[in-house]
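Below is one structure, written out as structure tokens; comments come after it.
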Protein chains: 2
Amino acid sequence: MPEATVARLPLYLRALTTLAERGVATVSSEELAASAGVNSAKLRKDLSYLGSYGTRGVGYEVDFLRHQITREIGLTQDWAVVIVGIGNLGHALANYGGFASRGFRIAALVDADLSRVGEEVAGLKVRHADELEQIVQDLGIAIGVVATPARAAQLVCDRLVAAGVTSILNFAPAIVQVPEGVDLRKVDLSTELQILAYHEQRKNGAALALTAEQAAELAEAVNG
Amino acid sequence: MPEATVARLPLYLRALTTLAERGVATVSSEELAASAGVNSAKLRKDLSYLGSYGTRGVGYEVDFLRHQITREIGLTQDWAVVIVGIGNLGHALANYGGFASRGFRIAALVDADLSRVGEEVAGLKVRHADELEQIVQDLGIAIGVVATPARAAQLVCDRLVAAGVTSILNFAPAIVQVPEGVDLRKVDLSTELQILAYHEQRKNGAALALTAEQAAELAEAVNG
DNA sequence: AGACGCTTGTGAACGTGTGCACAAAGTTGC
DNA sequence: GCAACTTTGTGCACACGTTCACAAGCGTCT
Ligand SMILES: NC(=O)c1ccc[n+]([C@@H]2O[C@H](COP(=O)([O-])OP(=O)(O)OC[C@H]3O[C@@H](n4cnc5c(N)ncnc54)[C@H](O)[C@@H]3O)[C@@H](O)[C@H]2O)c1
Ligand SMILES: NC(=O)c1ccc[n+]([C@@H]2O[C@H](COP(=O)([O-])OP(=O)(O)OC[C@H]3O[C@@H](n4cnc5c(N)ncnc54)[C@H](O)[C@@H]3O)[C@@H](O)[C@H]2O)c1
């Protein structure tokens, strides 16, 4: 299955869940594509990787398709997650209710700062970073979330990997190396804003260019 | 400039900043690529879109290249940002110091909940959503960050656009439509986790498949 | 039952992105 | 001033992703 398709399955899943809540029983690729904000041909091709679950002339059965995607992504089981670094962001993540409803359970919170250890956040006691290996093994944790400062990110990832974690979501703005077999994804807010700024500048730049062109025309008019 | 290149420029910028702080004056494409975690040919092709700023046989001058990328992204000016939805995540974002150092200034905080309005967060008073248009125009805000619940996201984006915002970063897990000319990027943590879960499952699935194969072999051995 | 209309699933064309490999261009050492 | 060495910038081939367009298949209505 293409990586681009995998990245869109959660999108479809969310759209299907919304439809199911509204009591919709079947949906065409055109409608579902509109809900998910993608091209309908792309949607059909994506879904075709799961199998032929549609009915020609009718569409897709919402509940059935939802189940198939859930199974494909691997959300039939709950995944235990550890969050490392319980600062600003770590607190927000720990308190966020949206993970549980999507198949993820925050199983442990870890920080290196002794003044933070023992604090109760979202019903969990913050534990010390040195206990990481024990925690990961005891709770069967496969996914780690890194919300420490950038300078600690590589060390924390190394420890997570050593403890047996094979999937990491990194929020720290740092380039981290992990051994093969370990999946690393990053969420980088500053980068996102910078990409927006680039396009924003070009929008304004286009306006400036137009002005320059107008200026040239003006100059020509005056000189001609 | 290719979109993929634009998305990597912030990465290079960060790597260059780190090098500059370490006092490195020049860097080869090989070294810089390693710092940024990309292929060196890709890095050189990306940089070639900015112009021919390298010196053959030597490499790139760190400070100069940093300045060129900063200019290209449009970070020579500071961008004013408004955050809408000052809950868990909004607080974390408002308190985050990493934006200011990268050319973004949190200029205003907005919420619809009257019990939140007036609260002081990160040195700013939370203002009411109805004032949005006024705020955006007075402060010359071009970028909006949406950290409201999903159900409010479309409404908030519509209001932001109506107020004159032309770039939006959305944290709510919702598909949002914006008119042409407005850039919308989304950060979706659940999706990221789900992508990790998919690969995680396949890792385990590979192990299970092996077991199944072994089982088949065993059955064959018993029957044969 | 058969014709009609609708929607899926997919072949094929196209566009974008990646990475190799090397000529061109610079530096360093003698 | 020249040869040897280093590193950039880029042409080219390939891989990946997207979109069009349509035959095949299903349900419905007469
Ligand atoms: N807060 C945000 O909204 C935001 C936005 C974008 C990016 N980030 C990034 O997310 C990360 C966390 O941000 P934050 O605002 O929560 O920072 P923070 O300073 O509030 O929290 C960091 C936490 O990590 C802990 N920590 C430090 N070293 C550790 C280690 N080796 N092991 C375990 N824990 C350790 C600290 O004790 C602290 O509690 C940073 O890298 C930041 O750049 C945050
Ligand atoms: N907290 C997290 O770590 C986290 C993680 C992933 C995604 N998210 C998403 O980010 C968003 C915010 O999450 P949160 O945990 O901060 O939620 P929250 O409920 O704590 O905060 C939401 C805030 O938005 C305000 N709001 C609601 N409607 C509004 C409107 N129309 N205009 C202006 N403000 C409005 C509310 O008053 C509240 O203060 C949610 O969509 C959530 O799914 C949060």
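It should be emphasised that the depicted structure is a prediction, and the values quoted were computed from it without experimental measurement.
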Side-chain H-bond candidate by donor/acceptor type, Thr5(A) with Asp46(A), under 3.5 Å: yes
Separation of atom CG in Leu47(A) from atom P in dT8(C), rounded to whole Å: 9 Å
Residue pair Ala36(A) / Ile175(B): nearest heavy atoms and the distance that separates them: O-CG1, 3.8 Å
Worked verdict on Glu192(A) versus Val187(A) for side-chain contact (heavy atoms from CB on, under 4.5 Å): CA-CA 9 Å; Glu192(A) 295 296 327; Val187(A) 174; over 6 Å; no
Rounded distance in Å - CG (Leu50(A)) to C1' (dT8(C)): 14 Å
Residues that Ala41(A) engages under side-chain contact (heavy atoms from CB on, under 4.5 Å), provided they are two or more places apart: Asn39(A), Arg44(A)
Would you tabulate the side-chain donor-acceptor contacts of residues 145-156 of chain A under 3.5 Å, counting partners in other chains and residues two or more places apart, or write 'none'?
from, atom 1, to, atom 2, distance (Å)
Gln154(A), OE1, Gln177(A), N, 2.9
Gln154(A), NE2, Asp158(A), OD1, 2.9
Gln154(A), NE2, Gln177(A), O, 3.0

Between dT6(D) (C1') and Leu32(B) (CG): distance, integer Å: 17 Å
Note, Lys186(A) side chain near Thr191(A) side chain (heavy atom, < 4.5 Å): no
Phosphate-side-chain proximity, Ser29(B) and dT8(D), N/O vs OP1/OP2 below 4.0 Å: yes
Ring pair (Phe, Tyr, Trp, His ring centres under 6.0 Å): pairs with one or both residues in residues 21-63 of chain B, sequence neighbours excluded: Tyr53(B)-Phe64(B)
Whole-Å distance separating the CD atom of Glu61(A) from the C1' atom of dG27(D): 15 Å
Closest nucleotide among dG9(D), dG26(C), dG27(D) to the Ser52(B) side chain: dG9(D)
Separation of dT10(D) P from Leu43(B) CG (nearest whole Å): 14 Å
Short side-chain N/O contact to dT7(C) OP1/OP2 from Tyr53(A), under 4.0 Å: no
Within-4.5 Å side-chain heavy-atom neighbours: Leu19(B) and Glu31(B): no
Contact pattern, 5' to 3', of nucleotides 12-21 of chain D - B, S or - by protein heavy atom under 4.0 Å: B----SSBBB
Arg56(A) (side chain) and dT8(C) (base): donor-acceptor pair under 3.5 Å: yes
Please list, for nucleotides 28-30 of chain C, all pairs of protein and nucleotide N/O atoms separated by less than 3.5 Å.
none

Show me, pair by pair, the donor-acceptor contacts under 3.5 angstrom made by side chains of residues 85-105 of chain B, not counting sequence neighbours?
from, atom 1, to, atom 2, distance (Å)
His91(B), ND1, Ile86(B), O, 3.3
His91(B), ND1, Gly87(B), O, 2.8
His91(B), NE2, Glu119(B), OE2, 3.0
Asn95(B), ND2, His91(B), O, 3.1
Ser101(B), OG, Gly98(B), O, 3.2
Arg102(B), NH1, Gly98(B), O, 3.0

